[in-house]
There are 2 protein chains.
Amino acid sequence: MPRPTTPLLSQAGIRAAALEIIDRDGLDGLSMRKLATALGVSAPALYFHYPTKEQLLDDVAGEIMEKVDVSAFASGWREGLLSWARSYRAALAEHPNIVPFLARGPGQRDASLRRADAIHGGLVGAGWPAREATMIGASTKYLVVGAAMGSFSRGFVDDVQVYLNRYPALVDAHRLREHADAVDRDSFEFALTMFVDGLAARLAQARQASVAPSRDRT
Amino acid sequence: MPRPTTPLLSQAGIRAAALEIIDRDGLDGLSMRKLATALGVSAPALYFHYPTKEQLLDDVAGEIMEKVDVSAFASGWREGLLSWARSYRAALAEHPNIVPFLARGPGQRDASLRRADAIHGGLVGAGWPAREATMIGASTKYLVVGAAMGSFSRGFVDDVQVYLNRYPALVDAHRLREHADAVDRDSFEFALTMFVDGLAARLAQARQASVAPSRDRT
DNA sequence: CGAGAAACCTGACAGCGTTAGTTTTAGGAG
DNA sequence: CTCCTAAAACTAACGCTGTCAGGTTTCTCG
């Protein structure tokens, strides 16, 4: 019974089902056949709507990235950067299983470039040199992506004995696992604050230097 | 001709060959059959030395992490942190294709915990509260892992556009790559500096507060 | 009303990680 | 020196994967 009277599939529907499976079963848990079954369809039917699995994942990732907010640079570079970083992290934390995929592809889709442009422009507009604006953007992204992948706290085992005997500095670390998510969130916020504080100090110093230039060693 | 007079395989040899393929062909480019062929052996022979591909990759990753240096905390938390972060990044940058794999593994092997112990201990010994030491460790790892994921190839490409506009004659992938690497390296160093500066300011402030406590607004 | 494209189907291919069962050799026991 | 077990390789095969070819039905348009 091919060619149904009303189409069974759509790109949006495929994306939604794919993301659901990824969230539930992990990235490796998504296969085209399983996805097709979930949609009540045979696997090759998907290829009518998406040329390849990679393209599909690219689109899913793009959809997630839509929630990233780069609009707050209007209220200052600090606000813009914080808002960008937080919304970025929140978007990834909502679908952590897709993060490993982001490690791969070139992913320089159009929307991604537009975001990069908004960030860079916001920073330069606030007085940052272009070169440093690039580095700030890259740095912030490091933080977000690293935090999304890292999950530092999950690296600890739950066996207290191990720590007591062999890793004396980590005696309390076993507790980390219980509130792993909270630790990760706090650590990200901590890192972001430290980084932005460092930036602010640098910018203040640069401005002072440009007012009274070339006066080393007061 | 099974059971050769002298063993054809060893764990170390398998690891070395696997890493070579990963470096050359990427993580997806490594298959057990290809690895076996490269070693002049049939695929199932590998399973005599490694129970699973995941375990093999785990070991390869562990070998790479051996080069990470956590010894410099003896010279102060700042030196320790910088040395750890830089050697960590260097180790990952040398084999960028394996980084996506690290996204998975919780890395709770023995060596990994020993490193975590050294870092945490070094920070606490230098006067950081335990909770903040945890967050500093996590934050630094975020930075390193995020940077290792190659932000440039995968995101902040606007600078490439600038580069192309400025030097239109040099649409040379090689130079472009070099430039991208340089931006990544500089950005990492920048992020690390800003972060550590922020930390230093916080520690100084905390010490001052503990000397003259609860005196807001001088 | 006929043609062609759209949207599904079944069947198949090569490659994947891994298991089962076989074969030859090495190393130690009697 | 012989026998036996365990080691270290082999071939064959299973179920899974992403993807392609080709067939079938239905919708849309001239």
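Each chain gets a letter, A, B and so on, in the order its sequence line appears, and its residues count up from 1. Treat the numbers as computed from the prediction; the structure is a model and nothing was measured.
Contact check, T5(A) against dC27(D): a side-chain N or O comes under 4.0 Å of OP1 or OP2. An OP1 or OP2 oxygen of dA9(D) is reached within less than 4.0 angstrom by a side-chain nitrogen or oxygen of H49(B).
Residue order along DNA chain D, read from the 5' end via each residue's closest nucleotide, puts P7(B) first among R33(B) and P7(B).
No donor-acceptor pair under 3.5 Å is formed between the side chain of K34(A) and the backbone N or O of I21(A).
Looking only at atom types and distance, the side chain of Y50(B) has no donor-acceptor partner in the side chain of D58(B) under 3.5 Å away. Using modelled atom types and a 3.5 Å distance limit, the side chains of T134(B) and H120(B) yield a donor-acceptor pair.
Atoms CG (L56(A)) and C1' (dT19(D)) sit 14 Å apart, rounded to a whole Å. Distance L9(A) CG to dA6(C) P: 16 Å, rounded to the nearest Å. Summarising the geometry, the separation between CD on Q55(A) and C1' on dG18(D) is reported as 14 Å, rounded to the nearest angstrom. The nearest whole Å value for the distance from the OH atom in Y50(A) to the P atom in dA7(C) is 14 Å. The interatomic distance linking I21(B) (CD1) with dC16(C) (P) rounds to 11 Å, in whole Å. Distance L8(A) CG to dA6(C) C1': 12 Å, rounded to the nearest Å. With rounding to whole Å, L46(A) atom CG is found 16 Å from dA6(C) atom C1'. L39(A) has its CG atom 14 Å from the C1' atom of dA7(C), to the nearest Å.
Side-chain proximity of K53(A) to dT17(D), dC9(C), dG17(C): nearest is dT17(D). Listed nucleotides dG18(D), dC10(D), dG17(C) differ in distance to S31(A); the shortest reach to its side chain belongs to dG18(D). In the set dC20(D), dT19(C), dT25(D), the nucleotide with an atom closest to the side chain of P44(B) is dT19(C). Closest to the M32(A) side chain, of the nucleotides dC8(C), dG18(D), dA9(D), is dG18(D). When each of dT19(D), dT19(C), dC8(C) is scored by its nearest atom to the side-chain atoms of Y47(B), the top-ranked nucleotide is dT19(C).
With a 4.5 Å cut-off on side-chain heavy atoms, M135(B) and E189(A) do not count as touching.
Across all strands, S42(A) comes closer than 4.0 Å to base atoms (heavy-atom distances). When heavy atoms are screened at a 4.0 angstrom cut-off, L35(B) is found touching no nucleic acid atom at all.
For R3(A) and dT26(D), a side-chain-to-base donor-acceptor distance below 3.5 Å is present, hydrogens and geometry of angles not being considered.
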For this session: Could you check R86(B) against D69(B) for salt bridge (charged side-chain N to carboxylate O under 4.0 Å, His left out), going step by step and ending with a plain yes or no?
Result: CA-CA 9 Å; R86(B) 284 175 181 144; D69(B) 173 32; over 6 Å; no
